[in-house]
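Residue numbers begin at 1 in each chain, while the letters A, B, ... track the order of the sequences. The figures here come from the full heavy-atom set of this structure, side chains too, leaving out hydrogens, waters and symmetry mates.
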There are 4 protein chains.
Amino acid sequence: MENSTQTPAFTLPVQISFGHCDPAGIVFYPNYFRWFDRCFHTFLLDRAGGHRKLCGDLGARGIGLMDVGANFPSPALDGDMMELQMTLLDWGRKTLKLGYRGLIGDRTVVEGFELRGLFVERDGRMRAGDMDALRAVLEP
Amino acid sequence: MENSTQTPAFTLPVQISFGHCDPAGIVFYPNYFRWFDRCFHTFLLDRAGGHRKLCGDLGARGIGLMDVGANFPSPALDGDMMELQMTLLDWGRKTLKLGYRGLIGDRTVVEGFELRGLFVERDGRMRAGDMDALRAVLEP
Amino acid sequence: MENSTQTPAFTLPVQISFGHCDPAGIVFYPNYFRWFDRCFHTFLLDRAGGHRKLCGDLGARGIGLMDVGANFPSPALDGDMMELQMTLLDWGRKTLKLGYRGLIGDRTVVEGFELRGLFVERDGRMRAGDMDALRAVLEP
Amino acid sequence: MENSTQTPAFTLPVQISFGHCDPAGIVFYPNYFRWFDRCFHTFLLDRAGGHRKLCGDLGARGIGLMDVGANFPSPALDGDMMELQMTLLDWGRKTLKLGYRGLIGDRTVVEGFELRGLFVERDGRMRAGDMDALRAVLEP
């Protein structure tokens, strides 16, 4: 997969807990997406003072999600420590594609992506904004 | 408990699902509070057009939580249908106490309360607003 | 998209609530996956007595997730009533692909899929089981 | 409140993220209980190899919740770093009361408790087990 060769832009440690798991004893999958989103927002906090400040700086309403996907090669259990690596995979003119990989030791438990856009209001309508200004902040 | 004698103001059916349950196979307890909150907000939708419209009507920022508690006499499992009953338990001058009881058949699985206040901004500061106007809407 | 032409096998109504939404006022996206999963499990309950009974009948450990994806053409807000339609999109020898579409009125807010497999234990190892028996139950 | 004078047995740092917050821009309250539970389970991992191992050692089915409560003196926002302190507040013969306090800097945003019991199966029925063995492990 394409995100395997890049250095992660950010890494979020996630201590898998009892409450993240389902009756089969493995992580209930929607939690992975909460961690994807949290990883991206923690990256924004680290790199640019957070989502709110960044949107203020860029005159945007949000850096929202357009498309997302993931697959799960191996299960994660209560007590596992997962390292979630995030990569700035691809910049389009109006999109940013983020790649994610969750590792427990050297075993991959989740691999996925988020496609995000910058939402700006113009003439009372929401539009996808140009990514140049965001790119300049996140990839200096 | 005091809320057992009143007629519920609202009832929310909750179909307990696999993903609500933990590795012990029973409901992961924070979910009960998501259902308490959803029950109250669905009641607001039913009675007053929803939280946003109601706050607009009352000039308030939110109907927020101050205190909450619950106990769990019996477990709930994947496949159970829970009926969550909500009672307008007590109106204070600046508070509303809601009582909750979750039943599976005639077995109680959760019993709890929420203490909520009306948050209004005055002179740039957030304050607890008077409950009279809210009471007039919710208890006509 | 391919799932638009089939009749849904199951439909789950979802009343969007305040607590499902983020500071931008729209549904926090991991919730859509909780609803996908809940829709599938409620379908199992309706069609086959639920996940636990069905796994017992089939000698399986679970009907787990292998791959998932979604896109979000339009936002959903507190107070919206979403109808989540699920389609049995495609049966492979060892996989079932489910299609999802969430509608508010006739506006699509989410479109996605889950690829699921039947996990059986054989000789102490977890394997992907044959889907014939599951198909016979779910598509009589 | 009684838990203010004891040294915390465990502290969990929680980086408040966008997805933890509601349309009012503050933490959606059920998340605090997910953090209470995660704090306790991370403590078990740190002190006794985790919930599963500990239950195995003690012949128990779980260390489950009986009663819980919290109040919210001040809001927490996206970007805040909360330090969640947990105290072993009180050991009963068949109960353990845990105290929680969440601080952002020196401002308390949540204060609460969990009352937990040890669930053991005896003669085919679930009973509350004696806490002596658990106490010996957690408070050496």
- prompt: With no hydrogens and no angle check, is any side-chain donor or acceptor of A:R47 less than 3.5 Å from a backbone partner on A:L138?
  reply: yes

- prompt: So which part of C:Y32 gets closer than 4.5 Å to some heavy atom of chain A, the side chain, the backbone, both or neither?
  reply: neither

query: Which region of A:F28, side chain (C-beta onward) or backbone (N, CA, C, O), has a non-hydrogen atom less than 4.5 Å from a non-hydrogen atom of chain C, or is it both or neither?
result: side chain

message: Measuring only between side-chain heavy atoms, which start at C-beta, is C:T108 closer than 4.5 Å to C:R101?
response: yes

Pick from C:A70, C:P75, C:P73, C:G69 with the largest number of heavy-atom pairs that fall under 4.5 Å of chain A: C:A70

message: Please tell me whether A:F33 and A:F36 form a close aromatic pair, meaning their ring centres lie under 6.0 Å apart.
response: yes

query: Heavy-atom distance under 4.5 Å to chain A: side chain of C:Y29, backbone, both or neither?
result: side chain

Pairwise distance CG(A:L118) to CZ(A:R135) - rounded to 0.5 angstrom: 14.0 Å

